[in-house]
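Just so it is clear, the values below take in all heavy atoms, side chains as well, and ignore hydrogens, waters and symmetry mates.
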Amino acid sequence: MLINVIAAIYLIVHGLIHLIGFVVFWQIAEFEDVSYTTTVLAGRLDIGDVGMRVLGVVWLLISVAFVVAGVAIFFSPPWWWSFTLAVTVASLIVTLLGWPDARYGVLANIIILLFLFFRPRLGWIAR
């Protein structure tokens, strides 16, 4: 089913984009729209260098989890939906922490949540 392929690619790409959080917060690289800082919540809370490294690891774990979720769509194990939901909620939390730099990630997560909740009504992807 074509929707499976589209959903899988979307999840995998979204996961790979999460690597940006890891490399920036570990000061491995900088990007034009995302630079290293020790603050979250639009600069309202300073969590320091250690806090940012921890948050970077969270971004990395979510990256890997989204790739797993994307691959899982093809095999449809019984846990794929709840796993993808949990990963998306975690991603939504970290992207909200990274607001406004991660604003597009917030939108991407909302799209995934809409897909997960409307999927059964539209007959997409067997559970």
- Residue from T88, V87, T95 passing side chain to side chain contact (heavy atoms under 4.5 Å, CB included) with I62: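 With I62 as partner, side chain to side chain contact (heavy atoms under 4.5 Å, CB included) holds for just one option, V87.
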
- Query: In Å and rounded to the nearest 0.5 Å, what is the CG to CG distance from D46 to L41?
  - Reply: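 One gets 11.5 Å once the value is rounded to the nearest 0.5 Å.
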
- State the OH-CD1 distance between Y36 and I28, to the nearest 0.5 angstrom.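 Going from OH on Y36 over to CD1 on I28, the span is 12.0 Å.
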
- Item | Shortest non-hydrogen contact between A8 and G70, atoms and distance |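 The answer is CB-O, 3.3 Å.
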
- Heavy-atom closest contact (G15 atom, S63 atom, distance):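 So the two residues come closest at O-OG, 2.6 Å.
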
Do [X] and [Y] make a side-chain contact, defined as non-hydrogen atoms from C-beta onward lying under 4.5 Å apart?
X: R53; Y: F25; value: no
X: L113; Y: L92; value: yes
X: F22; Y: L61; value: no

Connected via hydrophobic side-chain network under 4.5 Å: [X] and [Y]:
X: I110; Y: L97; result: yes
X: V67; Y: I6; result: no
X: L96; Y: I93; result: yes
X: V50; Y: V57; result: no
X: L114; Y: I73; result: yes

If you measure only the distance, is there a donor-acceptor pair under 3.5 Å linking the side chains of [X] and [Y]?
X: S91; Y: N109; answer: yes
X: D33; Y: Y104; answer: no
X: T38; Y: D49; answer: no

- Message: Would the distance check show the side chain of W59 and the main-chain N or O of I20 forming a donor-acceptor pair, the cut-off being under 3.5 Å?
- Response: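 Absent.
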
- Query: Are the side chain of Y10 and the backbone of V5 linked by a donor-acceptor contact shorter than 3.5 Å?
  - Reply: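 No, the answer is negative, given that no donor and acceptor are paired below the 3.5 Å cut-off.
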
- Is there a side chain to side chain contact (heavy atoms under 4.5 Å, CB included) between M52 and V40 once you walk through the steps? CA-CA 9 Å; M52 291 309 284; V40 294; 4.2 Å; yes

- Task: Report the residues that fulfil ring-ring contact (aromatic ring centres under 6.0 Å, His included) with W79, sequence neighbours left out, ordered by chain and then residue number.
- Result: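 For W79 the ring-ring contact (aromatic ring centres under 6.0 Å, His included) partners, ignoring immediate neighbours, are F83.
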
- Test ring-ring contact (aromatic ring centres under 6.0 Å, His included) applied to F75 - qualifying residues, sequence neighbours left out: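 Here no residue qualifies.
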
- In terms of the angle between their ring planes, are H18 and H14 parallel, tilted or perpendicular, with boundaries placed at 30° and 60°?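 Geometry flag for H14 against H18: perpendicular rings.
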
- Evaluation steps, side chain to side chain contact (heavy atoms under 4.5 Å, CB included), between I112 and F66: CA-CA 11 Å; I112 296 168; F66 267 124; 3.8 Å; yes

- Kindly check if the number of other-residue, nucleotide or ligand heavy atoms within 6.0 Å of CZ (F74) is above 12?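 Check passes, neighbour count above 12.
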
- Message: Could you check whether W81 and F117 have their ring centres less than 6.0 Å apart?
- Response: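 Distance test on ring centres: under 6.0 Å, yes.
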
- Task: Could you please spell out the steps behind the side chain to side chain contact (heavy atoms under 4.5 Å, CB included) verdict for L45 and T39?
- Result: CA-CA 5 Å; L45 179 64; T39 62; over 6 Å; no

